[in-house]
Amino acid sequence: MKNYQFGADYYPEHWPEQRWPMDAKLMKELGLKVVRMAEFSWHKMEPEEGHYDFEWLDRAIDILRKEGIVSVLGTPSAAPPAWMIRKHPKIQPVGPDGITRGFGGRHHDCQSNPVYREYVKKMVTAMAEHFKDNPGVVGWQIDNEFGNSHYDLCMCDSCKTSFQKWLAKRYGSVDELNKAWGTYFWSQEYNDFSEVYPPVKTPCGANPSQVLDWKRFHSDLICDFSKVQTDIIRSIVPKEHFITHNCMGFSDIVSYYDLSKQLDFVCHDLYPFGYWRDHSLEPFEIGVELDGIRGVCKAPFWIMEQQSSVTGWEIMGRKPAPGQVPLWAVDSVAHGADTVVFFRWRSCLGGTEQYWHGILPHSGIPGKTYEEIGRLIKDMTPVMKDMEGAMPVVKAAIVRSYEQGWAFDIQPNVQGLNYYGQLIKYYKAFHHKNIPVDFVREDDDLSGYKVVIAPLQYLADPDLAAHYEKYVKQGGNLVLTMRAGVKERNNLCYAEGPLPGVFSGLLGITVEEYDPLGSVCVPVKSVSGSEDNRDASCDTCSKTAGNGLCASKWADIITLKGAEPVFDYDGESYEETPAVTVNSLGEGKAWYVGCEPSESLMEAIVDMLAKETGTGSVEGSDIKVPAGVEVTSREKNGKKWIFILNHTDEEKKTDISDRFRVLSGALKDNKLQPYGYAVLEG
Ligand code: GLA
Ligand code: ZN
């Protein structure tokens with residue numbers, strides 16, 4: 001990366017060419033240094049089969065370059081043109097219902113279709129060849145938001161055959177596949193791989209092992225579709241060009257862990273106030289997306305689409321309050337973004353996204369959004385120049401696994417349980433205390449963390465148990481939760497002993513019975529009595545007015561086999577049995593939370609963990625802020641930047657005084673304006 005800081009998503013082809021110099025001039029005045037272009041411009045670049053036209057894009061790139069603005073080019077494989085579809089209708093994707101999804105929107109492509117892949121290869125080769133020496137081009141974005149609109153697509157014949165080949169490679173023989181999928185049930189045995197279908201709509205039910213493999217296959221297919229493109233680009237363009245992709249937070253259609261292996265860094269698209277909501281995302285909901293994306297490459301990232309104004313398709317969402325758009329951009333930087341690209345330069349006159357507003361309104365006349373974003377850019381650019389590559393120092397981690405998410409997507413186990421919802425609930429409690437969190441993978445080296453939360457470790461094997469055990473024995477604090485060790489990796493139930501299966505020894509417990517509570521709550525109380533005096537009520541029931549300590553959605557009925565109880569159930573037939581336990585092992589501790597904690601219980605657990613491990617807010621700063629104000633930091637080469645973000649519409653007082661030098665934002669008389677921010681020298 002080369003210090004770009006701020007940019008915009010630009011669609012010059014939506015506007016008459018005479019306007020382009022004016023756009024470039026306005027961009028320069030705003031302080032923009034980079035644009036992304038062309039990711040949906042297939043028809044403009046190949047109006048007829050084999051007739052490539054890149055000259056319009058050359059002209060746009062040149063005009064921008066003269067104003068000091070570089071270009072990132074998107075490959076247009078999310079929008080094959082109508083001439084191609086008419087000639088090869090089989091390129092269009094087929095849903096689980098067998099119905100083809102047609103032309104007229106975007107993502108109307110099948111990513112395994114060999115004919116389509118040939119077209120994609122030719123287009124990407126032609127683009128890379130054409131732009132490789134263009135001094136205005138610095139990098140590439142592959143496709144656009146992989147997984148967007150492709151949720152259960154595609155199940156066409158080509159995808160079916162690709163799935164069968166993928167399975168043959170994974171299992172070697174059809175007997176192994178039958179074993180792995182438990183096909184003895186409902187007479188689902190296969191005699192040959194050619195009999196296997198994608199999980200199409202059936203009269204009733206689906207095989208969870210089959211669906212899990214379909215999700216794995218689908219993720220691999222997208223990575224492969226992308227790799228075809230990254231391989232071509234890398235073989236042609238100078239090595240200084242970067243290749244990236246704009247991800248969508250916790251979207252799980254494709255594993256970003258796998259996808260990122262072919263990329264130089266990842267980007268995220270951030271819309272805190274999407275039109276389908278009546279309020280903007282809560283600060284922790286923004287933070288979790290950003291920290292999740294930083295966890296993909298364990299490195300700074302870009303925001304490739306940062307909300308700049310009102311969003312909308314058929315209907316529009318509310319207007320961000322004054323200060324909110326800049327605050328969201330600084331929030332992105334605070335969690336690790338090196339460059340922030342606003343979506344989009346100018347609101348478009350035609351098409352589905354007419355009402356998705358940009359920095360400029362439809363008229364193209366700069367207004368309040370332009371001015372507000374301009375002030376932000378002038379304020380933040382000097383600070384961000386030095387910050388490139390800086391990372392937060394983090395001592396708490398949450399394990400995020402695509403496979404566990406898929407397994408819970410297939411079988412939520414109980415009404416309302418959601419893998420990502422559970423992760424976010426843990427994250428929220430840390431965020432609330434301004435304790436920074438990393439998202440890590442199951443098999444990552446965990447030794448740098450004081451606390452690791454691994455929620456819902458449903459699919460497990462002895463290697464995973466050994467990996468976690470090593471972390472604990474060396475002094476770590478590991479938290480496993482309900483539904484741990486329930487299944488082996490292919491989604492068949494574990495049969496070697498009681499739950500939590502391979503984790504029983506590590507946790508010093510067994511779980512022989514459980515109560516899938518759904519929307520019911522069971523009160524809990526702390527064994528020491530120390531956590532029972534919280535001033536809260538449960539976020540889902542009214543049983544515990546006063547302290548809000550509840551087990552919700554699920555209750556594991558735990559037998560202690562060496563562990564100690566931390567919280568006990570305070571109701572139901574299993575009253576006085578443990579809901580939360582801790583087992584000392586080697587230098588560390590293995591905790592088990594046998595339920596979904598209510599918010600208040602979650603806070604109590606996180607308080608305990610923080611106290612136990614000495615994990616706090618921005619290390620060494622001792623900054624105290626009122627509720628609604630977030631504190632984060634990034635560090636590099638002994639330098640530290642501290643971000644103070646006021647997410648509320650009220651003025652907030654802090655205790656920062658003159659202990660720190662204010663580098664950007666405003667902290668007048670120690671006060672942050674509504675939606676105000678300050679970046680301090682740490
Ligand atoms: C996504 C896409 C963009 C645009 C915006 C607004 O993030 O990547 O192309 O569609 O949403 O809807
Ligand atoms: Zn297909």
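No hydrogens, no waters, no symmetry mates; every other heavy atom, side chains included, goes into these values. This one's a predicted model, so the numbers in the text were calculated from it and none came from an experiment. In this chain, residues are counted from 1 in sequence order. Remember, it's 1-based here, ligands and their atoms both numbered in the order they're listed.
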Practice task
Using a strict 4.0 Å cut-off to heavy atoms of Asn144, name the atoms of ligand 1 that fall inside it.
Solution key: 2 (C), 8 (O), 9 (O)
Exercise for the section: Mind reading off the angle at the Zn ion (ligand 2) between the SG atom of Cys110 and the SG atom of Cys156, rounded to 10°? Expected result: 110°
Exercise for the section: State the atoms of ligand 1, each with its element, that fall below the 4.0 Å cut-off from a heavy-atom position in Phe40. Expected result: 9 (O)
Handout entry: Nearest-neighbour protein heavy atom for atom 11 (O) of ligand 1, which is reported as residue plus atom name and distance
Key = Glu305 OE1, 3.7 Å
Problem - Of Phe250, Tyr256, Tyr420, the residue whose pairing with Phe439 passes ring-ring contact (aromatic ring centres under 6.0 Å, His included) - result: Phe250
Completion exercise
Note: Asn148, heavy atoms under 4.0 Å from ligand 1, region reported as neither
Problem - Winner among Met304, Glu353, Arg106 once heavy atoms are compared against atom 9 (O) of ligand 1 - result: Arg106
Practice task
Identify whether the distance between the nearest side-chain nitrogen and carboxylate oxygen of Asp213 and Arg216 falls below 4.0 Å.
Solution key: yes
Completion exercise
Vertex the Zn ion (ligand 2), ends Cys159/SG and Cys154/SG: angle to nearest 10° comes to 120°
Completion exercise
For Asp269, the atoms of ligand 1 under 4.0 Å from one of its heavy atoms are 7 (O), 8 (O)
Practice task
Please determine if Glu145 has a nitrogen or oxygen closer than 3.5 Å to a nitrogen or oxygen of ligand 1.
Solution key: yes
Practice task
With heavy atoms of Trp313 as the reference, note each atom of ligand 1 found under 4.0 Å away.
Solution key: 12 (O)
Practice task
For ligand 1, note which part of Arg344 has a heavy atom under 4.0 Å away: side chain, backbone, both or neither.
Solution key: neither
Exercise for the section: Evaluate the ring pair (Phe, Tyr, Trp, His ring centres under 6.0 Å) criterion for residues Tyr10 and Trp15: first the C-alpha distance (whole Å), next the side-chain angles of each, then the deciding distance (0.1 Å), finally the verdict. Expected result: CA-CA 10 Å; Tyr10 185 38; Trp15 307 100; 9.0 Å; no
Problem - Asp23 and Trp345: side chain donor to acceptor below 3.5 Å - result: yes
Practice task
Apply ring pair (Phe, Tyr, Trp, His ring centres under 6.0 Å) to the pair Trp56 and Tyr11, showing each step before the final yes or no.
Solution key: CA-CA 12 Å; Trp56 64 273; Tyr11 301 91; over 10 Å; no
Fill in the blank from the handout: Between the CD atom in Glu46 and the OH atom in Tyr52, the distance rounded to the nearest 0.5 Å is 4.0 Å
Problem - Ligand-residue contact atoms, ligand 1 with Trp356, heavy atoms, under 4.0 Å - result: 6 (C), 12 (O)
Exercise for the section: Check whether NZ of the Lys or CZ of the Arg Lys160 lies under 6.0 Å from the centre of the six-membered ring of Tyr197 and within 45 degrees of that ring's axis. Expected result: yes
Problem - Whether Thr244 side chain and Gln141 backbone form a donor-acceptor pair below 3.5 Å - result: no
